[in-house]
Amino acid sequence: MQYNHQEIEKKWQKFWAENQTFKASNFSHLPKYYVLDMFPYPSGAGLHVGHPLGYIASDIYARFKRHKGFNVLHPQGYDSFGLPAEQYAIQTGQHPAKTTEENIKTYRRQLDKIGFSFDWDREVRTSNPEYYKWTQWIFIQLFNSWYNKNTEKAEDISTLISIFENEGNINVNAVCDTEIPEFSSEDWKYFSKKQQQEMLLKYRLSYLSDTEVNWCPALGTVLANDEIVNGVSERGGHPVIRKKMTQWSMRISAYAQRLLDGLSTIDWPQPLKDSQTNWIGRSQGAMVEFKIQNTEFKISVFTTRPDTIFGVSFMTLAPEHELVSQITTPEQKAAVEAYIESTAKRSERERMADIKTISGVFTGAFAEHPFTKKPIPIWIGDYVLAGYGTGAVMAVPCGDQRDYDFAKHFGIDIPNIFENVDISEAAHADKEGTVIANSDFLSGLSYKKALQKAIEALEENGFGYGKINYRLRDAVFSRQRYWGEPFPVYYKDGMPQMIDEKHLPIVLPEVEKYLPTEDGKPPLGNAEVWAWDSKNCSVVTNQLIDNETIFPLELNTMPGWAGSSWYFNRYMDSKNADEFASKEALNYWKEVDLYIGGSEHATGHLLYARFWQKFLFDKGFVPVDEFAKKLINQGMILGESAFVFKATYFVKNGCDIDKSNDDILIKIPVVLVSKSLFNSDDDFERVVKNYLLKNNFLNQNNENLLMIVRTPLHTDVSLVNSSNELDIEGFKKWRAEYKDAEFICEENDRDSSRAVRTYKVGREVEKMSKSKYNVVNPDEICEEYGADALRLFEMFLGPLEQTKPWKTSGISGVYSFLKKLWKLYHSGENGTFYVDNSPPLEGLGEAFKTLHKTIKKVTEDIENFSFNTSVASFMIAVNELTALQCNKRAILEPLLILISPYAPHISEELWHKLGHDTSISTAEFPVFEEKYLVESTKNYPVSFNGKMRFTLELSLDLSVSEIEKAVLNHEKTIAQLQGKSPKKVIIVPGKIVNIVE
RNA sequence: GCUGAAGUGGUGGAAUUGGUAGACACGCUGGACUUAAAAUCCAGUGGGCAGUAAUGCUCGUGCGGGUUCAAUUCCCGCCUUCAGUACCA
């Protein structure tokens, strides 16, 4: 009987679905294990073979854990809000919900083909109102909370209100907006309702604030830094301006320290932890205030080096700094304004990337040094960014290379405040071993002591204070988009009001157009039924807005990361209509035990999700404050692009050009040259010229007029076979413009009866993408080789975490492995199923050795997520058992369980043929027994000076001196030594022998 | 610039408490089967040199040093590629 993957895989996928084999129970005596994939955004392009890599790994692990006796939760769902669906809606007018639904269907169909052990009953979709109801609910919880630094946790806003009522805000230690005026309990009582609400907003964890954004008036939208090139939008090239916009923000900065501390409690990859650490960017230093001479203004700066305060010789402000316009002197005004204008055109990213050009302008104003009272010139420079710190730096050129370069460039003083340090060439940024000089009371002190003393002095004199600063900025939570979660918010008297939880979800309204409105409002501004009737608690038509009982609703929607910041909790109890998840479910599953996904989410999704989890933990909604114990980043699978090589012609300059030359270009055809015919540009040119001469498109006279350039063109990889040969007819059909092109091929006429013409393409490894025509669809692989082969091959490609190229030709290796495996169980007549049920006999030692060697290796490999090496050991096992002609049930049955996490369909089929009527998925994983691997001899490698010369089989019972004797008496040793006596003999019993000559 | 990861045959990769480099697979070459092809099976396959051959020698894990009886593995210094990215003051 032949191995028929299509039949087998269909059969078992159906069986698993019908029997709900992988349904996870929230009540079990078994230990729990929660394996999660980062859920996909269902794009219109469908899955390519790169996508399932992580899913296959997590599925293998989930199946392994089931074999090991765990109650496994392995869900899947869709991050189904997102920009591509919206853009498609703008282009085609189709509702994003519709296209998203279609895309999800495609994804599901593709995923089902690969044989994942997902519990689909728990599927979530972030765009589903039953789901985003709880996203809105969490938003309300955040709005109703503030961060108390005394208790180091989020608390209900009511506790803050009662503090205000009793003592005002003087003793409140909260994470909040900067520069909140102090008020007493009396003041609070006299505040109007609106004033009170305004004040509370400064403390809430989700709050409204004016944020600077990149506004593109032509597109009516806000752009990300990387969507802006040279000050204009990447799409369309429209001008972009910086604009302040009132937007929702999340006070993630409140959690900066806890997000940092939590990293040491979770088993995540170090590079990922590093990037979160750097993103949060904790730095210890001091805030220092500088008075501006002849004004009442002050400039606050944060510095990590208050010990170098006597080295300050100028200050630099960001061009956008609010004081710039007020302190600039009339003489400098024109220069400053011109500079501000020029920097406004540069994106933040550009300004940051460019470290070579030094630019800046003097404002004409002077600050006063807090200790020396000396005047300090105030400059502006675009290397200082408004959004970071206070948007101002105290420049210490002798201790900071950037400041040094700036000072050198503009001829500013560079005072040296370090003992015995030469700063004529470069700044001295080292801290260790540095002694401060020329610094009044800090002179003679080491860096550490000076730092401490400087902060003390700042605090004593009221010039500043010690501070820990974080780079992490509060997260903007508003998007001017349609296809996202609506806010459960309406506006009364300009103040945001939360809609009561019991009226959630607030469902996304229908709109005519998905574009921003003509007056620049977000797409929800197009909705006609988008007002809140606070009496009847329902969404009503805008015409009824009276601002008495019926109010306008929020027009922004939530960002992409909202729904993904808590979905892992929803899977625990995905159908619960009363809570985001029940207490029982949350307390049973607690957190994700293994989370697999890409490293590109390091500072987005993974940071926000940790933030929300900590918040939910503070409020007692979840039992743990880190949502994922262990995380693995799977690497990207790259595509193997294929190229044809087109000849592009130019008439050479400097020649006598007459009309006939144009004729040359007109009459010569489009020529595509096989990669096998050239290795260099010269080869290429020669091949093309030979062709043109031979076919009289060119004659010897005009040959020299022509310049031939090679242009590689991407070709669809599905038109290329595993030997890199192009399907020429297919290519012509695919690209009609080349239907008359001439393909210069390799003439392969060994067999004179049939000359074979082959066109070989060039290959290059690139990211898999539609535009490069190198996308390989998993459906086609499943069709031709089966899901088991796909799963094995994706794992076999290389280490999970690594980036690696996909090469479809390699899949034949795992496919023939599956066929060999199948054969092992079909040793009957004419290949019928047969296993020998007799108990193991003498002489089965080798087969048991193979089995247990494999059990050991595979168990270790799975636990180390080294899936590629276990596939190799399966191959070795099957090769060895085939050689042994092993057909014993005692070997073949446990072998099947080992393989089943990787290749579940074939394993399930053979398992049932072995006589089982329940799924293999819960069969107990075989246990490794040392006794089968015990050896009595060792084939010792014998080295001379570390170079292996021969091997020698010796009993493992021998003592060191017996081994030495045996080795030294061996004829090959004697020959090798040529009569010399060895200087030293190193023997590691059971490992090696090394003789030093 | 900074941070992180990685450099091993024609290709993907294997081997690190230092101990036989190249497992396993692709590809390639030769052979068997076939009218032929596919499929399948068998053998060979890092480079160089010597030998009819068995075999032996030699070089070899990005480069240059070092430690060691022994280095792909440890240390120092460089180079290259990929990814991320913050001038964080």
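Every chain is numbered from 1, with letters handed out A, B, ... down the list of sequences. Just so you know, these numbers use all the heavy atoms, side chains as well, and skip hydrogens, waters and symmetry mates.
- Listed pair Gln270(A) / G4(B) fails the phosphate criterion, with no side-chain N or O lying under 4.0 Å from OP1 or OP2.
- One finds no side-chain N or O of Lys807(A) lying less than 4.0 angstrom from the OP1 or OP2 phosphate oxygen of C26(B).
- At the heavy-atom level, Gln802(A) lies under 4.0 Å from the strands shown only through sugar-phosphate atoms.
- Using a 4.0 Å cut-off, some side-chain N or O of Arg949(A) falls inside it from OP1 or OP2 of U58(B).
- Heavy-atom nearest nucleotides on RNA chain B were determined for Leu797(A) and for Trp279(A), and the one closer to the 5' end corresponds to Leu797(A).
- One can place CG of Leu638(A) at 11 Å from C1' of A83(B), the figure rounded to the nearest angstrom.
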Discussion item. Pairs counted only when both distances fall under 3.5 Å, Watson-Crick or G-U: show me the 5' to 3' dot-bracket for RNA chain B, [ ] for pseudoknotted crossings and | for other-strand partners.
Written reply: (((((((..(((......[....)))((((((.......))))))(((((....)))))..(((((..]....))))))))))))....
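- Evaluation of the salt bridge (charged side-chain N to carboxylate O under 4.0 Å, His left out) rule for Asp861(A) yields Lys857(A) as partners, not counting sequence neighbours.
- The side chain of Thr803(A) contributes no N or O atom lying less than 4.0 Å from OP1 or OP2 of A6(B).
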Item to complete: Heavy atoms under 4.0 Å is the rule here; annotate nucleotides 19-25 of chain B 5' to 3' with B where the base is hit, S where only the sugar-phosphate is, and - elsewhere.
Response: BB--BBS
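- Between Ser866(A) and Ile995(A), the residue anchored closer to the 5' end of RNA chain B is Ser866(A), taking for each the nucleotide with the nearest heavy atom.
- For Ser870(A) and Ser873(A), the side-chain atoms include no donor-acceptor pair closer than 3.5 Å.
- For G62(B), the base adopts the anti conformation, since its glycosidic angle falls more than 90 degrees from zero.
- If you measure from atom CD of Glu794(A) to atom P of G12(B), you get 17 Å, rounded to the nearest angstrom.
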